[in-house]
Amino acid sequence: MPAADTPAHRIAELRQAIEQHNYRYYVLDDPSIDDAEFDALMRELEALEHAHPELVSPDSPTQRVGAAPSAQFASVTHAVPMLSLGNVFDEEEFREFYARVVGELERETIALAAEPKLDGLAISLRYENGELVRAATRGDGSQGEDVTANVRTIRAVPLRLRGEPPALLEVRGEIFIEKAGFEALNARQAELGQKTFANPRNAAAGSLRQLDSRVTASRPLTMYCYGIGELDGAARPVGQADTLAWLREFGLRVSPESQLLHGCDACVDYFRTMSDRRAGLPYEIDGIVYKVDAVRDQDRLGHVARAPRWAVAWKFPPDERTTRVLAIEVQVGRTGTLTPVARLDPVAVGGVTVTNATLHNADEIRRKDVRVGDTVVVRRAGDVIPEIVRVVTERRPADSVPYDMPDSVPGQDRARRVQEIIHFASRRALDIEGLGQKIVEQLVGEGLVGTPADLFTLEAETLAALGRMGEKSAANLVAAIDRARETTLARFIHALGIPEVGEATAANLARAFGTLEAIMAADAEALERVEDIGPVVAGSIRAWCEDEGNRALVRQLQELGVHWPEEAPPASTEEGGLAGLTCVLTGALSRPRDEVKRELQRLGAKVSSAVSKKTDFVVAGSDAGSKLAKAEALGVPVLDEDALAAVLDEPAAISRWLAEPQRR
Ligand code: IVH
């Protein structure tokens with residue numbers, strides 16, 4: 001510390017005291033001074049820093065006031081992806097999850113860490129040598145937005161970690177607003193004549209995504225941490241419960257409700273207890289998150305698409321309300337399908353006002369017999385789209401008639417084209433900025449655009465002449481369209497809007513085949529070898545690729561300059577590859593199971609979870625149990641990790657094991 005009696009000394013003293021009080025307040029939940037005393041310390045520090053601006057440092061508690069607005073958020077790539085969670089909705093589904101996990105781990109019982117599922121938004125905090133250097137939103141899981149300036153204003157987020165933090169620590173957690181803070185914020189908004197928020201989650205999201213961090217600073221945001229991303233310079237704690245305790249030592253706030261539970265019944269009890277306590281908690285929770293505690297087991301279980309297989313969110317039952325069906329309208333989807341939508345008398349369900357509910361299709365309307373004028377029960381769970389549960393038939397008007405779903409609607413083809421183009425241009429597809437619904441409707445309406453390919457022939461003058469935008473915006477849009485020519489194979493496939501092929505499947509296809517030509521030429525069998533693709537999806541892809549119109553569209557897009565970098569070509573799946581072979585991984589491997597799985601798949605192997613007569617080989621790590629026993633009983637060849645390494649290195653080597661099943 002600087003010499004006593006100097007401003008620098010007092011400043012250092014004040015900062016330390018303020019950080020300590022913050023820590024006691026937010027992390028230990030045990031403040032030793034009241035708000036007025038705290039404010040007095042802050043004011044003294046502010047005054048000193050004001051008088052000695054050269055002594056202001058970025059990690060000073062006074063620096064949480066926010067800074068002038070920035071133009072936009074920079075994009076951040078998450079080296080460790082930010083996953084989401086699979087959901088279960090009742091005890092039976094939860095027990096199935098538990099049974100699957102213990103089964104795959106070949107264990108009788110396991111420990112799970114349970115935590116409230118906070119209803120806010122996920123954040124990743126990057127601390128380098130203990131200093132907060134970056135905060136990023138989850139975004140699509142691999143890319144988020146840099147919201148550092150905003151997060152720095154949140155007092156529950158330490159600007160500097162306590163103790164001896166590692167060289168690099170990325171902390172994952174949830175930013176949210178407590179119920180009381182939400183009420184106060186809405187009251188203030190209303191007073192100022194500004195828009196109020198539908199629920200704490202929207203308020204938190206809206207507050208965090210402010211370009212002016214001074215606005216964020218005025219919002220009552222707080223945070224709980226629940227995990228780790230990148231880490232360097234320290235050993236990773238071996239379990240989830242240890243992780244939370246470890247984070248807390250660095251002054252990070254973790255939920256005091258989290259508990260380590262042994263066995264399935266304890267998890268069910270915890271859920272019941274928390275359901276009872278939910279209304280009395282100071283913040284909104286929408287379920288309980290259960291995580292397999294041991295990191296070693298987490299690695300064995302791996303993840304699918306965007307969700308870990310070692311964790312699940314058990315959601316609280318959805319909120320249900322009754323309202324009236326004002327009308328039933330038919331919407332046209334991007335593949336031309338007609339979807340009936342009920343227009344409802346607005347009603348608040350699960351924290352948002354619901355005005356529409358999808359009725360899915362003609363069968364669904366018939367099954368539920370929903371009619372215009374009916375009183376219906378509407379349900380909404382978390383971020384799921386609202387749905388009509390049932391009709392309250394006792395309250396049906398005497399003159400009501402069954403709804404007759406039309407086979408077609410006026411302007412259907414046009415509406416389909418509009419949807420197709422909007423999808424093509426959407427953020428997760430070709431990402432054409434500025435091409436919104438209205439402009440697409442106009443372009444299709446005027447006959448200027450009929451297919452996605454036509455977008456690439458548009459000229460700025462034509463756009464400006466539509467009268468909707470000025471010359472500058474027209475030029476910007478043409479530039480955005482031009483930029484979209486450079487894309488990735490995964491985005492391109494997603495953009496095509498092949499029925500049943502969403503973002504994750506498109507990415508899997510790109511990874512597995514490497515080129516568009518290979519995908520277009522693949523037969524159903526080859527398609528089904530790709531992760532998450534079954535007969536239905538494979539059939540849909542085949543049908544789409546065989547359609548001459550679709551093939552022409554793809555050709556045209558490429559001729560108009562749409563291109564992507566080549567993906568790493570998949571290893572030969574002919575000679576020497578593992579094509580046509582099915583294998584099972586069991587036991588603890590020295591590397592994450594996902595990684596091994598992907599390498600095997602790249603070589604053409606299908607990785608299955610159960611051993612059967614059809615299994616060609618099993619890879620067994622240490623502590624392998626019942627699956628290994630089954631493989632041995634069936635005479636299925638078993639490879640240890642050394643053998644696996646040899647095969648990954650030189651796939652042809654597999655023939656040695658297949659020829660001599662007994663050899664290990
Ligand atoms: S863990 C690896 N834990 O729920 C698993 N998520 O549906 C990643 N959430 O994006 C998430 N509370 O925003 C986890 N205790 C908790 C959580 C939590 C809330 C949110 C988070 C995540 C979403 C997934």
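When a ligand or atom number is given, it counts from 1 through the structure's own listing order. Scope of the values below: all heavy atoms of this structure, side chains included, with no hydrogens, waters or symmetry mates.
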* To do: Check the surroundings of atom OH in Y25: do more than 12 heavy atoms from other residues, nucleotides or ligands lie under 6.0 Å from it?
  => no
* **Under 4.0 Å from ligand 1, counting heavy atoms only: the protein residues, by chain and number** => L83, S84, L85, E115, P116, K117, L118, A122, R138, E174, Y226, V289, K291, P308, W310
* To do: Quick one: which residue pairs count as a salt bridge (charged side-chain N to carboxylate O under 4.0 Å, His left out) with a foot in residues 233-247, not counting sequence neighbours?
  => none
* To do: Specify the closest pair of heavy atoms between A588 and R296, including all atoms of both residues, with the distance to one decimal.
  => CB-NH2, 3.6 Å
* Partner residues of T153 under the side chain to side chain donor-acceptor pair (under 3.5 Å) criterion, sequence neighbours left out -> none
Listed pairs under 3.5 Å, donor-acceptor, residues 223-231 side chains, sequence neighbours left out:
residue : atom : partner : partner atom : Å
Y226    : OH   : G173    : O            : 3.4
Y226    : OH   : E174    : OE1          : 3.4
E230    : OE1  : R126    : NH1          : 3.1

* Asked: Say you draw a straight line from CD of E145 to OG1 of T137; how long is it, rounded to the nearest 0.5 Å?
  -> 5.0 Å
